[in-house]
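Down below is the structure, laid out as structure tokens.
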Amino acid sequence: MKRQARGGGPTAIASTSVAQRHTDTAEGDDTVDAQLSRRLGRADLRAVPEARRALRELLRGWGRPGRSETAELLTSELVTNALVHTDDDAVLTATVSSSGLRVEVRDSVPRRPRPCAPAADDSTNGRGLVLVQSLADAWGVRVLGAGKVVWFELDAEAA
């Protein structure tokens, strides 16, 4: 499915793809895996709320209460970092399974981000990766030939 952002200006999210796959488990139960993939326009911070909204739709009914809100927060942090600290588009991918969620944001800069404690006068800047590190069940960075992927995982049933 492709969807353009509303309005006459540049597209905040250039394309959207959502796929669902049904697989049979060993017990014969039907498990739904779903994936969201979006290209995020370069330096277009309107993509941040759009990404949160798309993730919220993907996660409807997933996990324990509060897990999707945590996922939205962490996703917006990764998307913001990619759009603010790079000079190119980024790609958001979220994959849901019965056991959890994995969110990846790929950008074109191979430099590894590092969580750092922000200075008191930094207002709200500099806290994104500290939040990811604190709230995700797992997270990391995978450097690619032409960029990197910053990812996090949340277990569906964790408290």
Side-chain angles (χ1 to χ4, degrees), residues 1-7 9-86 89-108 113 115 124-142 144 147-159:
M1 166 193 329
K2 290 199 178 219
R3 182 172 63 185
Q4 297 286 332
R6 291 190 179 113
T11 302
I13 297 180
S15 66
T16 299
S17 173
V18 178
Q20 291 191 336
R21 182 179 70 238
H22 295 274
T23 55
D24 292 327
T25 61
E27 296 81 31
D29 294 334
D30 197 35
T31 302
V32 176
D33 292 343
Q35 187 172 57
L36 165 72
S37 181
R38 289 203 171 191
R39 180 166 299 282
L40 310 167
R42 178 176 75 95
D44 189 352
L45 293 178
R46 292 176 301 171
V48 177
E50 288 294 323
R52 285 181 75 123
R53 213 173 352 269
L55 187 69
R56 186 177 314 122
E57 289 175 24
L58 181 72
L59 296 180
R60 216 169 268 176
W62 172 82
R64 289 194 173 182
R67 292 308 271 176
S68 16
E69 289 86 359
T70 300
E72 285 181 49
L73 171 65
L74 300 183
T75 299
S76 65
E77 294 298 337
L78 295 188
V79 168
T80 300
N81 283 350
L83 296 177
V84 168
H85 299 293
T86 67
D89 293 353
V91 176
L92 165 66
T93 305
T95 305
V96 179
S97 70
S98 58
S99 61
L101 167 71
R102 181 177 176 100
V103 173
E104 299 180 347
V105 177
R106 180 180 181 158
D107 65 46
S108 62
T124 60
N125 295 331
R127 292 173 170 79
L129 287 180
V130 173
L131 283 171
V132 173
Q133 186 176 40
S134 299
L135 298 174
D137 295 315
W139 81 281
V141 180
R142 188 174 72 243
L144 308 169
K148 69 180 168 302
V149 173
V150 182
W151 59 270
F152 71 85
E153 293 178 346
L154 293 175
D155 295 334
E157 298 305 317

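Source: prediction; values computed, not measured.
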What pairs with E72 under salt bridge (charged side-chain N to carboxylate O under 4.0 Å, His left out), at least two apart in sequence or on another chain?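 For E72 the salt bridge (charged side-chain N to carboxylate O under 4.0 Å, His left out) partners, ignoring immediate neighbours, are R52, R56.
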Heavy-atom closest pair, residues [X] and [Y]:
X: L154; Y: A136; result: CD2-CA, 3.8 Å
X: A90; Y: A82; result: CB-CB, 3.9 Å
X: G128; Y: E77; result: CA-OE1, 3.1 Å
X: L40; Y: A47; result: CD2-CB, 4.0 Å

Pairwise distance [atom1]([X]) to [atom2]([Y]) - rounded to 0.5 angstrom:
X: L58; Y: S68; atom1: CG; atom2: OG; result: 10.0 Å
X: W139; Y: L78; atom1: CH2; atom2: CG; result: 8.5 Å
X: W62; Y: S98; atom1: CH2; atom2: OG; result: 11.0 Å

Sort out for me which residue in L92, L74, L36 forms a side chain to side chain contact (heavy atoms under 4.5 Å, CB included) with V103. L92
If you define the side chain from C-beta out and look only at heavy atoms, does anything of [X] sit under 4.5 Å from [Y]?
X: D155; Y: S99; result: no
X: D33; Y: V96; result: no
X: L135; Y: L73; result: yes
X: V150; Y: E104; result: no
X: V105; Y: V149; result: no
X: N81; Y: L129; result: yes

Residues at least two apart in sequence or cross-chain that pass side chain to side chain contact (heavy atoms under 4.5 Å, CB included) with L45, listed by chain then number, are V48, L83, V84
Check side chain to side chain contact (heavy atoms under 4.5 Å, CB included) between A138 and all other residues, then give those that pass, not counting sequence neighbours. W151, E153
Between D89 (side chain) and R42 (backbone), is there a donor-acceptor pair under 3.5 Å? yes
Using modelled atom types and a 3.5 Å cut-off, is there a donor and acceptor pairing between side-chain atoms of E69 and backbone atoms of G66? yes
CZ/R102: more than 12 non-hydrogen atoms of other groups inside 6.0 Å: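 Enclosed.
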Tell me yes or no: between the side chains of Q35 and T95, is some donor less than 3.5 Å from an acceptor?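 Yes, side-chain donor-acceptor contact under 3.5 Å.
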Flag the pair D137 and R67 as a salt bridge only when some basic side-chain nitrogen lies within less than 4.0 angstrom of an acidic carboxylate oxygen.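 Here D137 pairs with R67 in a salt bridge, since their nearest N and O are under 4.0 Å apart.
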Carefully, step by step, assess L144 and R106 under the rule side chain to side chain contact (heavy atoms under 4.5 Å, CB included). CA-CA 9 Å; L144 308 169; R106 180 180 181 158; 3.4 Å; yes
